[in-house]
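The block underneath contains the structure these notes are about, expressed in structure tokens.
Numbers for residues simply follow the sequence, beginning at 1.
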Amino acid sequence: MTLVQMSFLITLAGTAGSLVFSEVLGYPPCTLCWYQRICLYPLIVIYGAAIWTGDAGYKKYAYPLVAIGFLLGVYHNLLYYGIVTQPLVACTKEVSCSAKQLELFGFITIPLLALASFAVLLVLMWLDKAASSRQTH
């Protein structure tokens, strides 16, 4: 399995998971969750097109979305765990960005899952870049 295929599967799982959390389990997404979804959802098309066409140029489109999603995930976790107390974005009263909606095994949260997904995508992009640069030398 190639790195872009792994990235596609992670993106697909993240998208499906976010939709299950909100549409099936009824956990409404907070503002930061929406921003991370904005970064995540287009990646399915970008990675899918890269797999379909074999075009390595997908990286210039995927990297900004992955990087922004990762940074949003870092900030969301800092806010969620109380390290940052004043949100930079307006979190609505109905759905706070620090609301504890789900904690699997006492520590796996929705913001942590999102951060982990974007972190793995960043690592895969770095590995892909490293592999590409070795092939050209």
Q: In sequence, state the C-alpha distance, the side-chain angles, and the governing distance for Met6 and Leu9, and then conclude on side chain to side chain contact (heavy atoms under 4.5 Å, CB included).
A: CA-CA 5 Å; Met6 285 189 268; Leu9 290 177; 5.8 Å; no
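- The minimum heavy-atom distance between Ile46 and Ala62, with the atom names listed, is CG2-CB, 4.0 Å.
- When every heavy atom of Cys39 is checked against every heavy atom of Leu65, the shortest pair comes out as CB-O, 3.4 Å.
- Linking ILVMFWY residues whenever their side-chain heavy atoms come closer than 4.5 Å, directly or via other members, places Leu3 and Tyr63 in the same cluster.
- The backbone N or O of Gly73 sits less than 3.5 Å from a side-chain atom of Asn77, completing a donor-acceptor pair.
- Here the CG-CD1 distance, from Leu25 to Ile110, works out to 8.0 Å after rounding to the nearest 0.5 Å.
- In the hydrophobic clustering of this structure, Ile83 groups with Leu72; members are Ile, Leu, Val, Met, Phe, Trp, Tyr whose side-chain heavy atoms approach within less than 4.5 Å, directly or through other members.
- Nearest approach of Ser117 to Ile10, heavy atoms of both residues: O-CG2, 4.1 Å.
- Hydrophobic clustering of Ile, Leu, Val, Met, Phe, Trp and Tyr side chains at less than 4.5 Å, counting indirect connections, keeps Ile38 apart from Val45.
- Phe21 is listed as a side-chain neighbour of Leu113, based on a closest heavy-atom distance under 4.5 Å.
- The structure places CZ of Phe118 at 12.0 Å from CE of Met125, a figure rounded to the nearest 0.5 Å.
- Both Met1 and Leu12 belong to a common hydrophobic cluster when Ile, Leu, Val, Met, Phe, Trp and Tyr are linked at side-chain heavy-atom distances under 4.5 angstrom.
- Atom SG of Cys30 and atom CG of Leu79 lie 8.0 Å apart (nearest 0.5 Å).
- Residues meeting the side chain to side chain contact (heavy atoms under 4.5 Å, CB included) test with Val74, sequence neighbours left out: Phe70, Leu78, Leu115.
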Q. Between Thr53 and Tyr58, does a side chain to side chain contact (heavy atoms under 4.5 Å, CB included) hold up when you go through it step by step?
A. CA-CA 10 Å; Thr53 63; Tyr58 74 92; over 6 Å; no
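- One distance of note links OG of Ser7 with CD1 of Ile51; it measures 8.0 Å at 0.5 Å rounding.
- For the atom pair Tyr35 OH and Ile68 CD1, the distance stands at 12.5 Å (nearest 0.5 Å).
- When all heavy atoms of Lys59 and Pro64 are compared, the closest pair comes out as O-CD, 4.3 Å.
- Within the structure, side-chain hydrogen bond (donor to acceptor under 3.5 Å, both in side chains) contacts touching residues 18-29 (residues at least two apart or in different chains) are Ser18-Tyr41, Ser22-Arg37.
- For the atom pair CD of Gln5 and OG1 of Thr2, the computed distance is 3.5 Å after rounding to the nearest 0.5 Å.
- Scored by the side chain to side chain contact (heavy atoms under 4.5 Å, CB included) test, Thr11 finds Thr15, Leu40, Leu43, Ile44, Tyr47, Leu121 as partners (sequence neighbours excluded).
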